[in-house]
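See below for the structure under consideration.
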Amino acid sequence: MIHFIMHDLSSLIELKTCQLNLWSSILLAALVVEASQVIYNVHFHPLARYPGPKLAAASLWWQIWIEVVTGQSLSLKLVELHGKYGDIVRIGPNELHFARPSAYHEIYHQKSRWSKDMKLYHIFARKLSTLTVPDYATAKKRRDITAPLFSRKNVIEMQHLVQRSIDETCTNIHTHITNGRPLNLLYSFRCCAVDVVFSICFATPLNASSSPGFQSPFVHAMHSAIPVVPLYKHFPIIQKIMTLCPPSIAVYLKPELKGLVHVHEMVMKQVRELKSNPGALTSYPYRTIYHELLSDKDNVPSDMELRDEAFLFVNAGTDSASDALFHGAIRVIHNSDICATLQKELDTAWPRIKDVPRLEELEKLPYLTAIIKESLRFSRGVVQPMTRVVPEGGAQISGKYIPGGTVVGMSNIFVHWNEGIFPDHLMFKPERWMGPEAEALNEWLVSFSKGPRSCLGINLGWCELYLGFANFFRRYDCRLINITPADVTWRDCYLP
Ligand code: HEM
């Protein structure tokens, strides 16, 4: 008996030792592979001759350290790195970042057919949308479908919808004023912008602009979801798990997401109704994205494609426009001379408050136009380098040959903060956009990006900014309470 037990015990020990040996061999093999990869990346990779932190060249963990562990802004870190290493910096084993402004036009140029780098663009849970489709050809087809909705002609026709959301925002602002309560400017602009997207794109009201205190649960949810972007960028698995998580559990884990879940259900309901009964579109008061997306009977998008496209427009159209309004407005309010000059121009062009001018008239106002451009320059838009993949055969960027397959990008702050182009770049100076030399400056306003993947909603964005600034400063005299523009800090999470 004892003999048998001893025998079993020794086989068990042998098995355990064997398992242990197996695990240590696997671990050792993994370490050898990783170490060889690091040696290859640093010394033999085609990008090995480009300067930059050795750790960044060695492994992706350098970016994870910067963005996820220490919570720094990649774009701000890049300012420091370019100061040290020059115009081109290697910021990943296969990634280069550029600082010379002319490189912006070389990467995001109109003739470029370069793909988006999915390491960045998978951060969007909505994979099937125009923004997240990586290759040029597929994206072009997708863009062409909804482009008529965002053409200048259509935006001019539909501007009353933008004005309607602004009027609703102003009614809510009025309630604040009569109750003597201060206004959360960022949230009021966010609510207005999201309502514009809902009315133009879906012909469905969200009524965020009327929410008490502009505390729309949806806007709140969107805002609280942004800081998680760097984590999703580097650990897509976490995002996948969160996407698969049933809404009730997601809300239980993060109650702020309630508004997002509600809107998700709202969008899905509209999508399912239209898929089962496309004829219902004839009862809509005007054309929406669904009219365009469902127009090709031979190529009907899936429910998921429709949902992803819908969410793209909400995401793309909300923060960008409202951030520009916010950053511009606080700077205008902060500087009484700028504010007075703007209000004088608006009072002259818009003498009777009830006769609201049209976009076409506002576009002729030079100071308002200059305010908008300077606000766009200050608001940063998509601040993270929008990464693209250099096609086979390579390309010339910043005077250097860049091999095919390299991921390249440039944050817009390297253009908008360039002293040579924008002297005193940290000062809000609308005048820089006026006068004889100002025309040449337009090429350096890159908030909407450039090239075939630049902003599809640019005309709508401009419309919101013209009507938004004009209405706000024609109707109200404001002052900042317990805050100056310098107090507004930001962190790069794709958007600021
Ligand atoms: C001031 C307002 C806006 C700014 C500054 C802005 C900026 C941008 C930027 C920089 C991109 C390129 C993103 C990238 O490649 O990573 C982009 C793309 C896009 N924007 Fe805007 N945007 C604004 C408003 C809007 C609006 C109102 C809409 C529509 C409702 C919109 C729809 C889109 C779409 C569909 C794309 C994807 C284009 C593509 O990938 O081919 N944007 N926007």
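Remember, it's 1-based here, ligands and their atoms both numbered in the order they're listed.
With hydrogens left out, the protein atom closest to atom 33 (C) of ligand 1 is Ala316 CB, 3.6 Å, a heavy atom. The protein atom (non-hydrogen) at minimum distance from atom 28 (C) of ligand 1 is Gly457 CA, 3.6 Å. In this structure, the protein non-hydrogen atom closest to atom 40 (O) of ligand 1 is Lys116 NZ, 2.8 Å.
For Trp65, the CH2 atom counts as loosely surrounded, since its 6.0 Å shell holds 12 or fewer non-hydrogen atoms of other residues, nucleotides or ligands. Atom CD of Glu360 sits in a crowded spot, with more than 12 heavy atoms from other residues, nucleotides or ligands closer than 6.0 Å. Within 6.0 Å of atom NZ in Lys258, 12 or fewer heavy atoms from other residues, nucleotides or ligands are found, so the atom counts as exposed in its surroundings.
Here the options are Phe189, Tyr466, Phe326, the test is ring-ring contact (aromatic ring centres under 6.0 Å, His included), and the partner is Phe472; only Phe189 passes. Of the residues listed (Trp444, Phe414, Trp433, Trp417), the one engaging Phe422 in a ring-ring contact (aromatic ring centres under 6.0 Å, His included) is Trp433, and it is the only one.
Polar contact with ligand 1: present for Arg388 (N/O pair, distance under 3.5 Å). Polar contact check, Tyr121 against ligand 1: a nitrogen or oxygen pair lies under 3.5 Å apart.
Ligand 1 lies nowhere less than 4.0 angstrom from a heavy atom belonging to Arg142. Between Glu309 and ligand 1 there is no heavy-atom distance shorter than 4.0 Å. Between Glu464 and ligand 1 there is a heavy-atom distance shorter than 4.0 Å.
Note: His82 and His97 have tilted aromatic rings, judged against thresholds of 30 and 60 degrees for the angle between ring planes. Ring geometry for Tyr104 versus Tyr108: interplanar angle of 30 to 60°, hence tilted.
Residue Tyr494 approaches ligand 1 through these ligand atoms, each under 4.0 Å from one of its heavy atoms: 13 (C), 14 (C), 16 (O). Counting the atoms of ligand 1 from 1 in the order shown, those under 4.0 Å from a heavy atom of Ser454 are 38 (C). The ligand atoms of ligand 1 that sit less than 4.0 angstrom from a heavy atom of Ala321 are 1 (C), 2 (C). The atoms of ligand 1 that sit less than 4.0 Å from any heavy atom of Gly317 are 25 (C), 26 (C), 27 (C), 28 (C). Of all atoms in ligand 1, listed by their number and element, those nearer than 4.0 Å to a heavy atom of Phe150 are 29 (C), 30 (C). Proximity to Leu312 (heavy-atom distance under 4.0 Å) selects the following atoms of ligand 1: 35 (C).
Using a 4.5 Å cut-off on side-chain heavy atoms (C-beta onward), Leu74 and Gln384 make contact.
Looking only at atom types and distance, the side chain of Ser75 has a donor-acceptor partner in the side chain of Asp492 under 3.5 Å away. Residues Ser209 and Asp195 bring a donor and an acceptor atom of their side chains to less than 3.5 Å of each other. Judged purely by distance below 3.5 Å, without hydrogens or angles, the side chains of Tyr286 and Glu157 never pair a donor atom with an acceptor atom.
The residue among Ser379, Ser320, Ala147 with a heavy atom at the shortest distance from atom 4 (C) of ligand 1 is Ser320. Taking all heavy atoms of Tyr108, Phe198, Phe313 into account, the minimum distance to atom 35 (C) of ligand 1 is reached by Phe313. The option from Pro385, Ala193, Gly381, Ser447 that lies nearest to atom 5 (C) of ligand 1, judged by heavy atoms, is Ser447. When the options Leu131, Thr130, Leu460 are ranked by their closest heavy atom to atom 37 (C) of ligand 1, first place goes to Leu131. With atom 39 (C) of ligand 1 as the reference point, the heavy atom nearest to it among Lys140, Arg143, Gln384 is part of Arg143.
Interatomic distance, CD1 of Ile371 versus CG of Leu346, reported as 9.0 Å (0.5 Å rounding).
Residue contacts with ligand 1 for Cys455 involve both N, CA, C or O and side-chain atoms from C-beta outward (heavy atoms, distance under 4.0 Å). In Arg453, the parts holding a heavy atom less than 4.0 Å from any atom of ligand 1 are both the side chain and the backbone.
In this structure, His327 contributes its side chain and Arg380 its backbone to no donor-acceptor pair below 3.5 Å.
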